[in-house]
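Lettering of chains follows the sequences in order, A, B, ..., and the numbering in each one begins at 1.
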2 protein chains.
Amino acid sequence: MHRLGRRLQVPKGQTVVLEGDESLVVGNVIEGLLKLSVVSADGVEQIVGIAYPADFIGRPFGPSSGHSVTALVDSTLCVFPRRAFDAFTEEHPLLAQALLRRTLDDLDRARSWMVLLARKSAPARVASLLLDMNRRIARPGNRVVRLPLSRQQMADLLGLVIETVSRSMTSFKAAGFIDLPRGRLLEVRDLEGLERIASG
Amino acid sequence: MHRLGRRLQVPKGQTVVLEGDESLVVGNVIEGLLKLSVVSADGVEQIVGIAYPADFIGRPFGPSSGHSVTALVDSTLCVFPRRAFDAFTEEHPLLAQALLRRTLDDLDRARSWMVLLARKSAPARVASLLLDMNRRIARPGNRVVRLPLSRQQMADLLGLVIETVSRSMTSFKAAGFIDLPRGRLLEVRDLEGLERIASG
DNA sequence: CGCGGATTTGACCTACGTCAACACCCGTGG
DNA sequence: CCACGGGTGTTGACGTAGGTCAAATCCGCG
């Protein structure tokens with residue numbers, strides 16, 4: 001299957017799949033980080049998901065993609081032409097199976113994100129995101145991570161406004177839960193504290 | 001495939017799959033209406049989806065289900081024991097394919113619902129829901145439909161509070177977009193007007 | 001060093017949640 | 001037929017989380 005695909009380098013900021021277009025390619029993230037986003041009529045962007053390495057992107061079969069896919073940092077993908085992929089799937093049931101499992105997982109994640117958007121307070125949302133990113137990005141050894149998202153992007157993901165994100169973070173810092181040495185650097189100092197906020 | 005399944009009558013209010021349990025059955029909705037819901041630590045329920053006839057429910061493969069499935073009205077399902085289904089899937093690639101398509105559609109729908117929850121005003125959410133239910137339930141001929149959800153359930157679905165739902169609806173009625181003859185009856189009188197609200 | 005975009009901070013305002021009363025609908029039993 | 005009662009829906013008064021607008025500050029980069 002890997003023979004069908006080819007490596008694709010995507011520089012930061014470039015869009016791979018455009019909202020509303022038929023998805024021309026599908027593929028896996030090898031390295032990097034992409035956002036899945038929808039921009040509504042009034043120009044407000046909502047990020048509906050983040051694709052980490054090993055995640056699948058694109059919309060096989062049927063209709064057009066409901067969201068754009070854009071690289072947040074320089075990324076490398078393994079892509080397949082969509083139509084070839086659709087056909088390939090018919091002949092290789094295990095592929096469809098594997099993809100089905102992942103899609104079910106994605107669906108579960110989307111649904112729990114819905115709960116966050118519908119019910120949690122702004123600080124709880126921000127804390128959840130910080131924990132999630134810390135968990136997925138942290139390398140054992142260095143306790144400070146570089147956040148891959150700007151404040152604006154965090155806001156777009158959480159359904160908040162940039163000022164609210166900023167205020168939440170400085171309040172966490174004041175409470176000693178985190179440190180923000182500068183720019184996008186983050187150190188979690190009190191995981192439990194942050195978790196308590198996240199579940200409030 | 002239909003030979004594997006058996007009919008299951010589910011009275012209104014009964015739960016088929018419990019949040020956190022391994023899904024024991026999977027299946028299709030034949031008739032009726034079910035809610036998929038998560039209840040958080042503080043007892044607030046968030047409905048993460050509605051299953052209409054022909055929709056698939058339950059969680060094949062892997063882990064436990066992230067949400068409960070409960071009948072909103074008396075419903076009939078076509079269910080399969082989960083483990084048998086998992087095995088069956090391996091031998092019948094077309095089934096996995098079909099299910100994959102549906103799951104991708106569900107994922108798209110979940111994501112656009114995320115946009116609604118994250119960004120839309122309360123009246124816009126309510127209008128969206130009314131339009132959606134009107135579209136899916138209306139039979140040609142009778143212009144008034146009986147809403148299958150209580151105000152409380154609408155609120156749980158929209159991430160609002162019951163009073164806000166009620167207020168939005170009476171304001172739509174005052175504006176002449178809808179009529180609420182009594183109880184759960186709804187007549188949409190100005191589709192365009194409602195759509196305008198829904199996209200605000 | 002100086003510019004331009006990101007981030008923070010502050011003052012203010014409003015949509016929506018909260019709490020509490022009230023009205024409606026429909027069944028039951030007198 | 002009417003009185004009663006509980007569940008569901010509506011309305012009102014009020015408080016606050018978080019949005020808006022504007023200014024100050026930080027930071028990366030040529």
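The closest side-chain heavy-atom distance from Phe61(A) to Gln97(B) is below 4.5 Å.
Here dG18(D) presents its P atom at 16 Å from CG of Leu117(B), a figure rounded to the nearest Å. Atom C1' of nucleotide dT25(D) and atom CD1 of Ile162(A) are separated by 14 Å, given to the nearest angstrom. Remark: C1' of dG5(C) and CZ of Arg184(A) are 11 Å apart, rounded to the nearest angstrom. A straight line from NZ of Lys173(B) to P of dC24(C) spans 11 Å, rounded to a whole angstrom. Atom pair Phe172(B):CZ and dT11(D):P shows a separation of 14 Å (rounding to whole Å applied). The distance from atom CE of Met154(A) to atom C1' of dG18(D) is 16 Å, rounded to the nearest whole Å. Atoms CG (Leu158(B)) and P (dG17(C)) sit 10 Å apart, rounded to a whole Å. Look at CE on Met169(A): it is 16 Å from P on dA6(C), rounded to the nearest Å.
Here the options are Asn28(A), Val26(A), Val69(A), Val16(A), the test is side-chain contact (heavy atoms from CB on, under 4.5 Å), and the partner is Leu77(A); only Val16(A) passes.
Under the side chain to side chain donor-acceptor pair (under 3.5 Å) criterion, Glu45(B) pairs with Lys35(B), Ser37(B), sequence neighbours left out. For Arg151(B), there are no side chain to side chain donor-acceptor pair (under 3.5 Å) partners at least two apart in sequence or on another chain. Partners of Arg167(B) by side chain to side chain donor-acceptor pair (under 3.5 Å), not counting sequence neighbours: none found. Not a single ring pair (Phe, Tyr, Trp, His ring centres under 6.0 Å) links Tyr52(B) to another residue, sequence neighbours left out. Judged as a side chain to side chain donor-acceptor pair (under 3.5 Å), and not counting sequence neighbours, the contacts of Asp105(B) are Arg59(A). In this structure, the side-chain contact (heavy atoms from CB on, under 4.5 Å) partners of Val188(B), at least two apart in sequence or on a different chain, are Asn134(B), Leu186(B), Leu191(B), Leu194(B).
Contact annotation: Thr164(B) does not reach the phosphate of dC16(C) (side-chain N/O to OP1 or OP2, under 4.0 Å).
A heavy atom closer than 4.0 Å to some atom of DNA chain C occurs in Ser121(B), Ala122(B), Pro123(B), these being the qualifying members of residues 118-134 of chain B.
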Evaluate Asp156(B) against Arg119(A) for salt bridge (charged side-chain N to carboxylate O under 4.0 Å, His left out), listing each step before the verdict.
CA-CA 10 Å; Asp156(B) 291 342; Arg119(A) 297 289 178 192; 3.8 Å; yes
Using the salt bridge (charged side-chain N to carboxylate O under 4.0 Å, His left out) rule, take Arg83(A) and Asp86(A) through it: C-alpha gap first, then chi angles, then the decisive distance, then the call.
CA-CA 5 Å; Arg83(A) 307 192 68 80; Asp86(A) 286 5; 6.0 Å; no
What do the steps show when you test Thr70(A) against Thr15(A) for side chain to side chain donor-acceptor pair (under 3.5 Å), and what is the final call?
CA-CA 4 Å; Thr70(A) 307; Thr15(A) 294; 3.0 Å; yes
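Fit an axis to the five pairs at each end of the helix from dC1(C)-dG30(D) to dG30(C)-dC1(D) and the two axes sit 30° apart, to the nearest 10 degrees.
For residues 89-122 of chain B, every residue pair satisfying the ring pair (Phe, Tyr, Trp, His ring centres under 6.0 Å) rule, not counting sequence neighbours, is listed here: Phe88(B)-His92(B).
Salt bridge status for Lys173(B) with Glu187(B): absent, with no side-chain N to carboxylate O gap under 4.0 Å. The pair Arg135(A)-Asp132(A) meets the salt-bridge criterion, with a side-chain N (NZ, NE, NH1 or NH2) lying under 4.0 Å from an Asp/Glu carboxylate O. Checked for salt-bridge contact, Asp179(A) and Arg189(A) meet the test: a charged N lies under 4.0 Å from a carboxylate O.
Other residues, nucleotides and ligands contribute only 12 or fewer heavy atoms inside 6.0 Å of the CZ atom of Arg143(B).
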Just the table, please: protein N/O against nucleotides 14-16 of chain D N/O, every pair under 3.5 Å.
none

Identify the pairs formed between an N or O of the protein and an N or O of nucleotides 27-30 of chain D at a distance under 3.5 Å, and give each distance.
none

Got a list of protein N/O to nucleotides 19-22 of chain C N/O distances below 3.5 Å?
residue : atom : partner   : partner atom : Å
dC19(C) : N4   : Glu163(B) : OE2          : 2.9

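Of the two residues near DNA chain D, Arg151(B) and Leu160(A), the one whose nearest nucleotide lies more 5' is Arg151(B).
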